[in-house]
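So the structure is just underneath, and the comments pick up after that.
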Amino acid sequence: QVQLVESGGGLVQAGVSLRLSCAASGRTFSTYTMGWFRQPPGKEREFVAAISWTGGRTSYADSVKGRFTISRDNAKNTVYLQMNSLKPEDTAVYYCAAARGVAPVQYASAYSNWGQGTQVTVSS
């Protein structure tokens with residue numbers, strides 16, 4: 001089991017960059033596939049990006065492909081989401097999630113551990 005804590009959210013203007021971090025507890029972090037999801041106001045939670053336990057495989061939602069980059073540092077038990085060229089439609093609560101034994105999939109049901117989320121608000 002890992003416990004996850006997100007940070008780095010905030011209120012920014014459209015076009016700027018922001019980097020989210022997700023710190024994980026536990027010595028098994030390097031064995032987990034990690035994902036980022038988000039929940040826009042009034043909408044359901046949606047997939048953003050995922051990365052395999054080695055970092056060698058990644059997956060992105062079409063809406064963020066080319067703008068967002070997921071990465072991880074297993075030595076620091078941390079996964080990152082670099083968000084560039086932010087748009088107002090990126091406004092959401094962003095959640096970090098962990099899954100064992102799966103590829104970097106887009107299905108929330110595959111992820112067993114979740115953080116509490118960090119708010120990102122992009123103004124136009």
Side-chain angles (χ1 to χ4, degrees):
Q1 290 282 339
V2 291
Q3 293 186 329
L4 307 172
V5 179
E6 302 94 337
S7 63
L11 172 62
V12 297
Q13 289 190 325
V16 304
S17 299
L18 202 60
R19 189 177 79 159
L20 304 182
S21 299
C22 173
S25 64
R27 287 180 283 183
T28 59
F29 171 78
S30 62
T31 66
Y32 282 82
T33 286
M34 299 298 297
W36 284 98
F37 290 76
R38 66 187 183 186
Q39 187 165 15
K43 298 184 179 180
E44 294 188 352
R45 192 173 299 188
E46 62 186 28
F47 171 77
V48 176
I51 187 168
S52 63
W53 64 276
T54 64
R57 294 176 61 186
T58 57
S59 177
Y60 294 93
D62 289 342
S63 59
V64 306
K65 202 170 292 184
R67 299 189 299 123
F68 290 13
T69 302
I70 188 171
S71 62
R72 67 189 297 161
D73 185 339
N74 286 343
K76 296 183 178 180
N77 278 16
T78 302
V79 62
Y80 304 97
L81 184 68
Q82 178 67 43
M83 305 185 294
N84 298 330
S85 302
L86 282 162
K87 304 175 181 180
E89 50 263 44
D90 294 319
T91 294
V93 178
Y94 283 72
Y95 297 91
C96 174
R100 296 194 76 173
V102 297
V105 295
Q106 303 185 7
Y107 308 107
S109 58
Y111 295 81
S112 55
N113 300 80
W114 293 80
Q116 292 189 328
T118 185
Q119 177 71 47
V120 173
T121 302
V122 184
S123 64
S124 57

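- The side-chain contact (heavy atoms from CB on, under 4.5 Å) test applied to Q3 returns S25, not counting sequence neighbours.
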Residues 117-124, side-chain donor-acceptor partners within the protein, below 3.5 Å, at least two apart:
{"residue": "T118", "atom": "OG1", "partner": "G9", "partner atom": "N", "Å": "3.2"}
{"residue": "Q119", "atom": "NE2", "partner": "A92", "partner atom": "O", "Å": "3.4"}
{"residue": "Q119", "atom": "NE2", "partner": "T121", "partner atom": "OG1", "Å": "3.3"}
{"residue": "S123", "atom": "OG", "partner": "V12", "partner atom": "O", "Å": "3.3"}

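- Listed here is the closest heavy atom pair of C96 and V79: SG-CG1, 3.8 Å.
- The stretch residues 39-77 participates, sequence neighbours left out, in these ring pair (Phe, Tyr, Trp, His ring centres under 6.0 Å) pairs: F37-F47.
- Q39 pairs by the side-chain contact (heavy atoms from CB on, under 4.5 Å) definition with R45, Y95, not counting sequence neighbours.
- Listed by chain and residue number, nothing satisfies the side-chain hydrogen bond (donor to acceptor under 3.5 Å, both in side chains) test with R57 (two or more places apart in sequence, or in another chain).
- Residues passing the salt bridge (Lys or Arg N to Asp or Glu O under 4.0 Å) test with E46 are R38, sequence neighbours excluded.
- Across all their heavy atoms, A103 and T33 have their closest contact at O-CG2, 3.8 Å.
- Scored by the side-chain contact (heavy atoms from CB on, under 4.5 Å) test, S30 finds N74 as partners (sequence neighbours excluded).
- L4 approaches A98 most closely through the heavy-atom pair CD1-N, 3.8 Å.
- Contact record, G26 with N77: O-ND2, 2.8 Å, taken as the closest heavy-atom pair.
- Residues S17 and N84 meet the side-chain proximity criterion, which asks for heavy atoms closer than 4.5 Å.
- Applying the salt bridge (charged side-chain N to carboxylate O under 4.0 Å, His left out) definition to pairs two or more places apart or across chains, none involves residues 72-81.
- In this structure, S59 OG and Q106 CD are separated by 4.0 Å, a value rounded to the nearest 0.5 Å.
- Scanning for salt bridge (Lys or Arg N to Asp or Glu O under 4.0 Å) contacts around K65 gives D62, with sequence neighbours left out.
- Summarising the hydrophobic clusters (Ile, Leu, Val, Met, Phe, Trp, Tyr; side-chain heavy atoms under 4.5 Å, direct or chained), the residues clustered with L11 are none.
- In this structure, the separation between OG1 on T28 and CZ on R100 is 5.0 Å, given to the nearest 0.5 Å.
- Using a 4.5 Å cut-off between side-chain heavy atoms of Ile, Leu, Val, Met, Phe, Trp and Tyr, with links allowed through other members, Y32 and Y80 fall into different hydrophobic clusters.
- Within the model, atoms CE of M83 and OG1 of T69 stand 11.0 Å from one another, a figure rounded to the nearest 0.5 Å.
- Cluster annotation: L18 and Y94 are assigned to the same hydrophobic cluster (Ile/Leu/Val/Met/Phe/Trp/Tyr, side-chain heavy-atom contacts under 4.5 Å, transitive).
- With sequence neighbours left out, R67 forms a salt bridge (Lys or Arg N to Asp or Glu O under 4.0 Å) with D90.
- Distance check: C22 SG to F29 CZ gives 7.0 Å after rounding to the nearest 0.5 Å.
- Taking CG of L20 as the reference point, atom CH2 of W36 lies at 4.5 Å (rounded to 0.5 Å).
- Identified under the side-chain hydrogen bond (donor to acceptor under 3.5 Å, both in side chains) test for residues 107-117, with sequence neighbours left out: Q1-N113.
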